[in-house]
Amino acid sequence: MTRYLVRRLLQTIPVLFIISVIQFGLINAAPGGPLKAYLLDPNVSPEDIRKFEHDLGLDQPLPIQYLTWMGNILRGDLGRSYFTHRPVLESVLERLPATVELGLAATLISYLVGIPLGVYAGLHRGGRIDHAIRFFTSILNAVPHWWLGLVIIIFLANIKLETGVLLLPIGGIKTIGKEEFDPLDYLRHLILPAFMLGTGGWVTFGRYMRSETLEVLGQDYVRTAYSKGLAERVVIFRHVLRNALIPVVTISAGIFVGLISGAAIMEQVFSWPGMGRLLLDATLKKDYPISIGVVFVFTIFAVLGRLLSDIAYGWVDPRIRYD
Amino acid sequence: MKKLTFVIALAAVLVVLAACAAPAPTATPVPPPPAATPVIIKPGETPVPTKPPAPTATTGPQRGGTFIDASFADAVSLQQLITSDSASSNYQALLFAGLTRIDPKTLEIVGVMYEGSPTFSADGTKMTWKLRKGLKWSDGKDITTKDIIFTWEKMMDEKVKFTYRQNYKDAFKDVKAIDDYTVEYTLATPGFCPAVASSGLVAPLPKHIYENLDINQNDLNMKPPVTSGYYKFKEWVKDDHFTASPAYEGFVRGQALMDGYTYRILKDNTVRTQMFKTQDVDVAGPDPADWDEISRLPHAQPVAYYSATGAAWDYIGFNMKNPLLADVVVRQAISAAINKKEMIDKVRLGHAKSQYSMLPSSSWAAADEKELPKFEFDPAKAKKMLDDAGYKVGADGTRVSKDGKPLKFGLFYNAGNKIREQIAIISQQYLKDVGIATAVEAVEWNAYLERVQKTKDMDMFVLGWTGGYDPNTTKNIWGTNRGQNYTGYTDSEVDKLYDQAETVPGCKQVDRKALYVKIQQKIAEAQPYIFLYTTENLVVYNKRINLLPLTGLGVTYDLEKISINPLIKK
């Protein structure tokens, strides 16, 4: 197991290297640059722009820029933002908790909603509820979730409790003006973006669970369990659910990573101050150090998530062995 | 099976429980709408004071409350010397008092920390400002010219990443303190009038705080401990909100009535508009399509005006390097062939007005419409102009020049901009009617700028500008070979007029305006741009905010006088 872990961790090094080259190439291949905005400002002279270009090292050939950046990375320095001049790591770490919390909450909602729905649909195959679940999950899979988020915001903006307070806040991370951290207030702000971000997750879990439940229900050991006279809930919990969950466990880490790295749009819609929003901003402004830094962190998440998935797979399925 | 149902129910209950965990009620629900038709505040009008729901008497504006504004972007830094974005400027303006400002009524530059107006030496090489005495930083230290000179030195320090350095070098040779309360600016060009505005653009920094710090990188850039503006720094949660509070009692124009000012970062205008509906923010800038609905909200106080300093306007530019478009008759005919009024009605839903020159009519230097050559929609006249100039209609319906070149042009806009897309498509149809063929093409924004600014690989392009305060900045757009002259327009007389207008003795607006009017006339005649329209600023405020009389600067220009009606609850 230890050898396997070490081997997998070593494999991440070339992965990170290749991704960094691709990202560096792509970001620089896009038209424009960080100083483009100044071209539309009549108060900034071409001399100033040339000086900024030099100060930021943007007048260097691309390979040199890349090597400089990589050299700094190896020394643990992700660089500084072109605009705020703050260390990239500081900016990323500032946003990391919000994104991880949102990702975890979305993953939790994916489990809480997707698994029961999928199992229920599988156990009642062909029933009205099964049809309804399949119909709605197909629609939710097709509809862009950011659009759905906007529609829900417009809908919820008109729903107030009797006290005059909105049913759910439609943006932000906390109520402005609250001095102390209020867990309930935080939870109220978290639930809507987490639910919308988790939609893709619970729809996926629901569909997986349904098909796995159906497959497991047809297995000999389930038939045997029933024929032994075991109670239905015992069969379902001990035999069906346990085995049907195996693929769900293996895709969980992938879903979590997907939710975190895909949070950019949902963070934008719900004004959630996370890493995704930072990345989107940096990409639009061509703040290369920030966007490369954020993607680098996302990549590390992805690689570790994949590793976790593989380990979990062996843990829940005893047939898997690590060599 | 019952257990499974329970699991589903439990998941649902968890979700609903969290949703219902609402905070204790702190506000009375908003009373029902008093009227269906909104009263939109127009220039020169004072907003009607909001009427309290209860008969409790109040005399004059009350102190207290926090204004919740919305910003499309978060600030980069609170250090003004290293930022150039508008969000940063907005935050900084709450914390640091300016040396000068634009008078909301006369639109002249007047002193804030400086007194009155500057004086000029007889030869026009020196400009002197007097600093008010008794001004204090928020830590109680005196504000003197030492702070102003320190800030100037940092602006000129090559190590500081100051965006506008060259601009200041072009305006001033040197800035020095005569004594603790007198500053003398040596102008780079004697009598250079825009220097008056430039001298006050950067608010002074407290020397005793920053003198030993790296201006580019220090922790105080994110939380300045010593300030001089309306408010002190309170809190900044990146990409969520920024709050300035409490009001600084030593602010040069008097302590602000409101306790604090908050910017919420709402990057999507739909969300921003919905948050105005829910009264989570006190102000919104709805899209024209939403304007009527938002204006009718019971708590809305709509304000529609044309900004004197930041009016946005759209145009279609010509690449005059194209020999066909170098012909002034072709440009004028194209302008007359396009129905600009239809764009105002259909694209801007009526929230814009015709523009005939390179300055929006709300600018202090704008020429009267009557003084300008106009190319109103008149397809018959456009056809005749082209016929007379020898552009005859060919077999395929497209006109050709005398040497056989067809009037076929590429019409570009930046992809994703729906307004510009509509402008391009409407124009294409109108031009076809007079025998001019256009190929409309959407180009990604950065690639678009590259083509417009550098490669000039286009014939006609849809773009816009947002006006500034001093018309001299337009010299960069219309001056021969200047940085933003994307059309290739050149007129030596216009160049001379610009030089004269920026050095008018005494720098009186009225004297400078006469020269800018001449420039506008010449440019309007040449039509290097088709000036389409000036957009109207559409803003709605919550009725709980007591606003100021509307001028070209809006309704919140003297922030210290803005108050919140405590009797109107959210």
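The sequence lines fix the lettering, A, B, ..., with proteins before strands; numbering per chain opens at 1. Note that these values count all heavy atoms, side chains included, but never hydrogens, waters or copies made by symmetry.
B/Lys234 touches chain A through its side chain: at least one heavy atom from C-beta onward sits under 4.5 Å away, while N, CA, C and O do not. In this structure, the portion of B/Asp280 lying under 4.5 Å from any heavy atom of chain A is its side chain and not its backbone. Within the 4.5 angstrom heavy-atom criterion, no atom of B/Thr66 approaches chain A. Proximity to chain B involves both the backbone and the side chain of A/Phe83, based on heavy atoms less than 4.5 angstrom apart. Interface residue A/Ile176: only side-chain heavy atoms are found under 4.5 Å from chain B. When heavy atoms are compared at a cutoff of 4.5 Å, B/Arg264 approaches chain A solely by way of its side chain, counted from C-beta outward. In this structure, chain A has no heavy atom under 4.5 Å from any part of B/Tyr168.
Among residue pairs with one or both ends in residues 265-274 of chain B, those qualifying as salt bridge (charged side-chain N to carboxylate O under 4.0 Å, His left out) are A/Asp281-B/Lys267, B/Asp239-B/Lys267; sequence neighbours excluded.
With 3.5 Å as the limit, one finds a donor-acceptor pair spanning the side chains of A/Asp185 and A/Thr175.
Comment: B/Lys159 does not engage B/Asp214 in a salt bridge, judged by the lack of any side-chain N to carboxylate O separation of less than 4.0 angstrom. The pair B/Arg451-B/Asp457 meets the salt-bridge criterion, since a charged nitrogen lies less than 4.0 angstrom from a carboxylate oxygen. Salt-bridge annotation for B/Lys169 and B/Glu158: present, with a side-chain N of the basic residue lying under 4.0 Å from a carboxylate O of the acidic one.
Here B/Tyr91 pairs with B/Trp236, B/Phe242, B/Tyr263 under the ring-ring contact (aromatic ring centres under 6.0 Å, His included) rule; sequence neighbours left out.
Residue with the most contacts toward chain B among A/Val269, A/Ile154, A/Leu150: A/Ile154 (heavy-atom pairs, distance under 4.5 Å).
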